[in-house]
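First up is the structure itself, then whatever we jot down about it.
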Amino acid sequence: MTEQTYPKLLAPLKLPHTEIANRVLMGSMHTGLEDRASNYPKLAAFLGARARGGVGLIVTGGIAPTLRGELAPFASNLVGRWQVKRHRLVTDAVHDEGGKICMQILHAGRYAYHPFAVAPSKLKSPISPFTPSELSSGGVERQIKGFVRCARLAQDAGYDGVEIMGSEGYFINQFIAARTNKRTDEWGGDYANRCRLARQIVQRTRAAVGDDFIIIFRLSMLDLVEGGSSWDEVVKLAKWVEADGASIINTGIGWHEARIPTIATMVPRAGFTWVTARMKKEVSIPLVTTNRINTPEVAEKVLADGHADMVSMARPFLADADFVAKAKAGRSQDINTCIACNQACLDHTFKAKRATCLVNPFACHETELVQQPTKTPRNIAVVGAGPAGLACAVTAAERGHQVTLFDRANEIGGQFNMAKQIPGKEEFYETLRYYRSRLQQTGVNLELSTEVDAGSLVAGGFDGVVFATGVNPRQLTLPGIEHAKVLSYIDVLRGKAKVGERVAIIGAGGIGFDVAEFLLHERNDVQPPTIEQFAKQWGIDLDGDDRGGLTEAAPAKPARRLTLLQRKKSKPGGGLGKTTGWIHRLALRQGQVDMVSGAQYTKIDDAGLHIEVDGEPQLIEADHVIVCAGQLPARQLADDFAAIEGSDVETHLIGGVDVAAELDAKRAIRQGTLLALQL
Ligand code: FAD
Ligand code: NAP
Ligand code: SF4
């Protein structure tokens, strides 16, 4: 294959004063490395690797233009000359690799997580505990000057441009929308007044930086909140910022407080590019589209369909620094695809932890996790081809060890083969495709359909054995647990059982929620929803008629009557990811799932599941009771092997067989990778 495989994606983009190598923009991501000067060498290594991997234009994580605009106390800002030097590390690293980079200027406004937040009006947001102060007109002027100063400093630091963050419900967006702007002075009132701040920032920044500097304006094209802009207003602002000096307009979809998923895995791929496409006929500067674009094929199609001039992908570059280089080389099957889980990126950011990636633990740790060839190649057995075993096997083989990977199943993937069947988790197929490709390339000796026992491991004469045998579901001892209507989640997800109309699910953890989602759908082999189906389920107006892009949600009729139970008194699904848990809870509510907390299970019989809540007996009538009550480590093999006397073979436990509690694929892959770096 040649470069022509993705002719649109890999074509250069000409701007009046410069050229961008291709149509790939690495979208802004707050990694947590931006916040401390001491972390800038790490940030430079992270971004430098993406430039080396061929990204046309990188946008940094958000940097505040004023102290009051910071996202959180002591978060990143660029307010003075003394800070320029650290940014030079970043711009040099990217330029040394032939890339281009813009710095995002982000003022949090009322989303700020500190008591000094400022906003157009004194209105608390639903996602920060702090009520902002209303800015005086002098205060507004100071914030604008802050933006302009910040852009000038960015220019001094060697950036190729700035992205002015005008979407996602941040400060500028708060001025634009009547929802958050109740002012009666020249910064509020009618639409032109509410847009004055955005326009002043663009105009004055352009005047300060001159013509040879990129200004991207991130425009909220779909607010997805009540009181958001109408489509006509969005178009008006796009034309204004074009006239005011923006070089590129990037698409923003949904405020952070919106209650519609916009980037999580259940959003169809390229599910919002239709919004940018609608803007194409309105302005003549390049438009960037975004959200849930995660493969070169999808990106190419979006461009070929004329939806935009450039494609923004952010998380896909956490998952694989070499995305563009691999696409260019016709090796898209080798790309480690972002599965849009948010587990190691956004969920980390919201916990003030450094972002990384579930499928790529090296991301944002480039200077700390360094893979080098082994000096002492050994013969290693890895038992279990789930995420932990796969990550360990390919990394160890890449370092030069001779690796044999066993699994009793006839396919790799372990529990991922159940996860991939959950509606909305189809991206898990991509991780398995990636590992299949890496197994082939690294020369791992793959032995599927092989039940390993301790004797065969001894006979194999391995220098080291890695146990990655995963978990067994927890067995309950409840009266009636032997009843024919009791099923394990494995029976259900492996398609071994036909499930009735009324179902009680014991356990409201990640798997309980997933099983509920699975059973709400009619067929087991559901395809990802179309954009129309997704829009209908969540109430998105595809026609541009309704303010904020919102319309009445009309979720599909649930296939079954489900009750999801847990013993804890807390909110069911409380342990799910910070940035996705609300979506899972909302989806089950749409499916009219009854959620019961504080349940004590007393027995199961022909009638169903008997429970007590606050001492009151209740019957959950059910055709089936499905147990999703967590797991225990599958230790039998490791224990049998340890019991063999005289074996001095080095052994390790990784993934679920090590610790089953709170196990997820993030830990499994990381643990497998880290062990392989040390073998
Ligand atoms: P496993 O995936 O359990 O793999 C163990 C492997 O060992 C299996 O393939 C098994 O066949 C093999 N094996 C065991 N004994 C032997 C033997 N004696 N000989 C040969 N082979 C053997 N995690 C997330 O992070 N995010 C999610 O969204 C998510 N969704 C999930 C949805 C579902 C429905 C399920 C079931 C799990 C989900 N998980 C999710 C959890 C995630 O899949 C697990 O944390 C992960 O698979 C654990 O990896 P592992 O390698 O430790 O074990
Ligand atoms: P889990 O999240 O730990 O949930 C186990 C559930 O079982 C809890 O609701 C628990 O609630 C209940 N339980 C525990 N012991 C029980 C007992 N003795 N009797 C009855 N109920 C009991 O585990 P999981 O759902 O099996 O998921 C396994 C792992 O996969 C999790 O760690 C999760 O992170 C991961 N996963 C993640 C996702 C995701 O979207 N991120 C999706 C699926 C799975 P009570 O104790 O209150 O009853
Ligand atoms: Fe994508 Fe998940 Fe990695 Fe985030 S953690 S970049 S969502 S795969």
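Any value given below was found using the heavy atoms of this structure, including those in side chains, with hydrogens, waters and symmetry copies removed. Whatever order the structure lists them in is the order used to number ligands and atoms, beginning at 1. All residue numbers refer to positions in the sequence shown, counting from 1.
- Under the 3.5 Å distance criterion, the side-chain polar atoms of T265 are matched with a main-chain donor or acceptor of G424.
- Ligand 2 places these atoms under 4.0 Å from at least one heavy atom of G510: 2 (O), 25 (O), 42 (C), 43 (C), 44 (C).
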Full working for side-chain contact (heavy atoms from CB on, under 4.5 Å) between V267 and F272: CA-CA 9 Å; V267 177; F272 288 100; 3.8 Å; yes
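- Ligand 3 places these atoms under 4.0 Å from at least one heavy atom of I339: 1 (Fe), 8 (S).
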Which pairs of donor and acceptor atoms, one on a side chain in residues 671-679, lie under 3.5 Å apart (sequence neighbours left out)?
from	atom 1	to	atom 2	distance (Å)
Q671	OE1	G655	N	2.8
Q671	NE2	D658	OD2	2.6
T673	OG1	I669	O	2.7

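- Heavy atoms of V383 found under 4.0 angstrom from ligand 1 belong exclusively to the side chain.
- When all heavy atoms of L663 and G656 are compared, the pair lying nearest together is CD2-CA, 3.3 Å.
- Distance screen at 4.0 Å: atom 1 (P) of ligand 1 has a protein heavy-atom neighbour inside the cut-off.
- Counting heavy atoms under 4.0 Å from ligand 1, residue L493 touches it through the side chain alone.
- Heavy atoms of F428 found under 4.0 angstrom from ligand 1 belong exclusively to the side chain.
- Considering backbone and side-chain atoms together, I511 places an N or O closer than 3.5 Å to an N or O of ligand 2.
- Interface atoms of ligand 2 facing A508, defined by a heavy-atom separation under 4.0 Å, are 9 (O).
- For ligand 2, the atoms closer than 4.0 angstrom to any heavy atom of E662 are 32 (O).
- One finds the CD atom of Q475 at 11.0 Å from the CD atom of Q631 (value rounded to the nearest 0.5 Å).
- At a heavy-atom cutoff of 4.0 Å, ligand 2 is contacted by the side chain of K425 but not by its backbone.
- Considering OH of Y434 and OG1 of T337, their distance stands at 9.5 Å, rounded to 0.5 Å.
- Neither the backbone nor the side chain of Q421 comes within 4.0 Å of ligand 1, counting heavy atoms alone.
- E662 and R667 are not joined by a salt bridge, as no carboxylate oxygen comes within less than 4.0 angstrom of a charged side-chain nitrogen.
- Listed by number with element, the atoms of ligand 3 under 4.0 Å from a non-hydrogen atom of A340 are 1 (Fe), 7 (S).
- Using a 4.0 Å cut-off between heavy atoms, D514 contacts ligand 1 through its side chain alone, with no backbone atom that close.
- Remark: of the listed residues K420, R433, R292, R292 is the sole one forming a salt bridge (Lys or Arg N to Asp or Glu O under 4.0 Å) with E427.
- Considering backbone and side-chain N/O of D664, none are found under 3.5 Å from N/O of ligand 2.
- The residue from M418, R567, Q415, Q631 that puts a heavy atom closest to atom 46 (O) of ligand 2 is R567.
- Atom CD of Q440 sits in a sparse spot, with 12 or fewer heavy atoms from other residues, nucleotides or ligands closer than 6.0 Å.
- Contacts between K568 and ligand 2, counted as non-hydrogen atom pairs separated by less than 4.0 Å, involve both the backbone and the side chain.
- For the residues A391, C392, G470, the heavy atom positioned nearest atom 53 (O) of ligand 1 is part of G470.
- Looking at Q566 next to ligand 2, no N or O pair under 3.5 Å apart turns up.
- Taking any N or O of G507, backbone or side chain, none lies under 3.5 Å from an N or O belonging to ligand 2.
- Within the 4.0 Å heavy-atom criterion, neither part of R667 lies near ligand 1.
- Contact annotation: for F513 versus ligand 2, there are no heavy atoms closer than 4.0 Å.
- Checked against a 3.5 angstrom limit, the closest N/O atoms of V452 and ligand 1 fall inside it.
- The single protein non-hydrogen atom nearest to atom 26 (N) of ligand 1 is Q343 OE1, 2.7 Å, given as residue, atom name and distance.
- Under 4.0 Å from ligand 2, the heavy atoms of C628 that appear belong solely to its backbone.
- Checking only distances, G656 does come within under 3.5 Å of ligand 1, N or O to N or O.
- In summary, K569 and D614 engage in a salt bridge, as defined by a charged side-chain N under 4.0 Å from a carboxylate O.
- Within ligand 3, counting atoms from 1 as listed, the ones closer than 4.0 Å to a heavy atom of L318 are 6 (S).
- Ranking the protein heavy atoms by distance from atom 48 (C) of ligand 1 puts L663 CD2, 3.6 Å first.
- In this structure, Y601 has a heavy atom closer than 4.0 Å to ligand 2.
- Residue A665 has at least one N or O atom closer than 3.5 Å to an N or O atom of ligand 1.
- Among the backbone and side-chain atoms of C345, an N/O/S atom is found under 2.8 Å from atom 4 (Fe) of ligand 3.
- More than 12 heavy atoms of other shown residues, nucleotides or ligands fall within 6.0 angstrom of atom CD in Q537.
- Among all non-hydrogen protein atoms, the one lying nearest atom 1 (P) of ligand 2 is G509 CA, 4.1 Å.
- At least one N, O or S atom of C338, from either the backbone or the side chain, sits less than 2.8 Å from atom 1 (Fe) of ligand 3.
- Of the heavy atoms in I511, only side-chain atoms (C-beta onward) come closer than 4.0 Å to ligand 1.
- Atoms of ligand 2 lying under 4.0 Å from at least one heavy atom of D514, given by number and element, are 42 (C), 43 (C).
- For L663, a nitrogen or oxygen atom sits less than 3.5 Å from a nitrogen or oxygen atom of ligand 2, counting backbone and side chain alike.
- With ligand atoms numbered from 1 in the order given, ligand 3 contributes 3 (Fe), 5 (S) to contacts under 4.0 Å with heavy atoms of L358.
- Using a 4.0 Å cut-off between heavy atoms, T450 contacts ligand 1 through its backbone alone, with no side-chain atom that close.
- A side chain to side chain contact (heavy atoms under 4.5 Å, CB included) with Y601 holds for exactly one of I620, V625, V627, L609; it is L609.
- Between Y489 and ligand 1, not a single N/O pair is under 3.5 Å apart.
- The nearest pair of heavy atoms linking Y435 to A391 is OH-CB, 3.6 Å.
- Residues R494 and N417 bring no donor and acceptor atom of their side chains to less than 3.5 Å of each other.
- Within the 4.0 angstrom cut-off, atom 40 (C) of ligand 1 has no protein heavy-atom neighbours.
- Distances between N or O atoms of A388 and those of ligand 1 include at least one value under 3.5 Å.
- The side chain of L476, and not its backbone, has at least one atom closer than 4.0 Å to an atom of ligand 2 (non-hydrogen atoms only; side chain from C-beta on).
- Of the candidates K666, Q343, Q475, the one placing a heavy atom closest to atom 41 (N) of ligand 2 is Q343.
- Among N472, D407, N342, the residue whose heavy atom lies closest to atom 12 (C) of ligand 1 is D407.
- We find that R269 and E430 are joined by a salt bridge, their nearest charged nitrogen and carboxylate oxygen being less than 4.0 Å apart.
- Residue P387 holds the heavy atom nearest to atom 47 (O) of ligand 1 of all those in G386, C628, P387.
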